[in-house]
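Comments concern the structure below.
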Amino acid sequence: MTNQQLHQRRSQVIAQGMGALYPLYVEKAENAYVWDIEGNKYIDFAAGIAVTNTGHANKRISEAVKAQLDNFSHTCAMVTPYASFVELAEKLTELAPGETKKKAIFLTTGAEAVENAVKVARAHTGRSGVIAFKGGFHGRTNMTMGLTGKVAPYKAGFGPFPNEIYHAPYPNAFHGISVEQSLQAIDDLFACDIEPSRVAAIIFEPVQGEGGFYQAPQAFAQGLRQLCDKHGILLIADEIQTGFARTGKMFATEYLGIEPDLMTMAKGIAGGFPISAVVGKANVMDSALPGGLGGTYAGSPLGCVAGLEVLKIIEEEDLCAKAMGIGEVVNARMTKLQETVPAIGEIRTIGAMMAIEFTDPESGQPMQDMTKAVISKAQENGLILLSCGVKANVIRLLPPLTIESQVLSEGLDKLENIITQVSNAAV
Ligand SMILES: Cc1ncc(COP(=O)(O)O)c(C=O)c1O
């Protein structure tokens with residue numbers, strides 16, 4: 001069977017709304033390598049969208065999950081729980097930034113974590129409004145689509161969304177949006193759209209993910225914290241893409257010098273096993289009635305044991321330091337490349353959450369075509385890459401944090417060649 005044959009079969013039975021970036025079908029994967037069913041080998045700079053931070057088919061995680069499978073795979077944590085469910089909550093509440101006592105709940109997907117953070121915030125405050133940011137991404141369920149600040153493809157045709165959601169601009173030095181402008185826009189919302197006493201929460205990503213890998217400045221996060229404190233609003237940090245050592249800290253909020261009231265976690269939490277969490281201040285988390293939060297598969301035992309192993313690996317292998325090292329290597333290589341490729345408008349590396357934004361050097365306009373061409377050339381060059389950005393002009397690099405340095409270097413050789421070729425073809 002070939003990739004093309006399977007892709008043809010896929011198009012017959014899978015709706016197009018569930019897009020596929022690459023027509024390659026995976027046979028196996030190991031650390032930062034992926035092999036397709038034709039035996040082609042790729043270097044993976046996507047890690048399943050920032051999920052396998054601990055590498056593909058990590059032996060320690062596989063062993064932990066296999067042992068759990070031999071005991072039991074499901075009892076429902078809300079019916080008859082198990083030790084790993086409590087142990088993972090103990091660890092995450094300890095790791096979450098800030099001194100206030102925390103509590104956790106577990107769910108299955110990132111979007112569900114965000115939904116539940118909003119539920120908790122509404123239950124705690126008795127208010128309904130939520131402020132989110134333009135360019136933000138929070139998921140594909142109805143509430144999280146409403147919170148997401150990008151129309152195509154995430155919201156187009158799917159409305160109506162829940163009401164009482166408002167969007168403010170996210171600060172972005174590269175595109176000329178200052179911290180003051182962003183904070184002022186929230187004040188404007190309070191003046192024009194909703195009084196602050198009806199706002200339950202402000203939700204933000206410490207580094208916007210799908211939006212283009214823009215990091216929140218400290219002054220912005222601290223401004224949000226002050227606004228929230230002043231008006232009794234809860235601050236939710238969506239750490240679904242940024243968490244678990246990706247940015248060189250366990251959580252990207254640690255760069256900001258604030259304590260959020262609630263945090264959402266998923267993706268890297270369990271190396272690919274579907275589990276997510278909301279961790280927040282204990283008095284806030286306890287606001288919902290027993291049974292109001294959770295789900296049949298929420299906090300699956302397979303996810304819990306995988307999550308416990310992920311945390312051990314992050315600590316023992318110092319993956320935060322590894323993420324910083326990866327970011328430095330990539331930044332140096334791409335900065336050098338920028339000398340010969342003027343379409344590289346900006347290189348952003350927050351640990352190993354790394355992006356290259358393509359803009360026309362003369363007009364400053366986003367270069368979507370160049371981005372698309374780089375993505376599509378990646379497969380034939382044995383590289384898996386992702387794009388992002390509200391204007392779809394950003395390449396994001398998210399290799400496993402366990403990537404060997406020579407594999408990283410080999411992947412960057414490929415990336416440099418691809419960008420150079422595409423850039424030369426465009427001239
Ligand atoms: C910041 C952020 N929030 C929420 C989500 C939604 O997570 P999931 O796709 O697991 O529902 C994502 C996924 O990319 C994300 O990056």
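Atom set for the values below is all heavy atoms of this structure, side chains included, hydrogens, waters and symmetry mates excluded. Order of listing sets the numbers, starting from 1, for every ligand and every atom in it.
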Query raised in the report: With sequence neighbours left out, what residues match R198 under salt bridge (Lys or Arg N to Asp or Glu O under 4.0 Å)?
Result: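 Per chain and number, R198 pairs via salt bridge (Lys or Arg N to Asp or Glu O under 4.0 Å) with E164, E195.
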Polar contact flag for [X] and ligand 1 (N/O pairs, less than 3.5 Å):
X    : answer
V114 : no
G139 : no
K267 : yes

Ligand-residue contact atoms, ligand 1 with [X], heavy atoms, under 4.0 Å:
X    : value
E205 : 1 (C)
Q241 : 16 (O)
D238 : 1 (C), 2 (C), 3 (N), 4 (C)

Query raised in the report: Do side-chain atoms of Q208 reach the backbone of Q215 as a donor and acceptor pair under 3.5 angstrom?
Result: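 The answer is no, because no donor-acceptor pair under 3.5 Å joins these two groups.
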Just wondering, are more than 12 heavy atoms of other shown residues or ligands nearer than 6.0 Å to [atom1] in [X]?
X    : atom1 : value
K155 : NZ    : yes
R9   : CZ    : no
Y82  : OH    : yes

**Report entry** For atom 9 (O) of ligand 1, the protein heavy atom that lies nearest, with its residue and separation
**Finding:** R140 NH1, 4.6 Å
Report summary line: Looking only at protein heavy atoms, what sits closest to atom 7 (O) of ligand 1 is G110 CA, 3.3 Å
Report summary line: Of D261, D286, T100, the one forming a side-chain hydrogen bond (donor to acceptor under 3.5 Å, both in side chains) with K281 is D261
Query - A111 and ligand 1 - part of the residue with a heavy-atom distance under 4.0 Å - result: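 The part of A111 near ligand 1 is both the backbone and the side chain.
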**Report entry** E416 with R333: basic N within carboxylate O range, under 4.0 Å
**Finding:**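 The answer is yes: the pair qualifies as a salt bridge.
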Query raised in the report: Can you find a protein heavy atom under 4.0 Å from atom 3 (N) of ligand 1?
Result: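 Yes.
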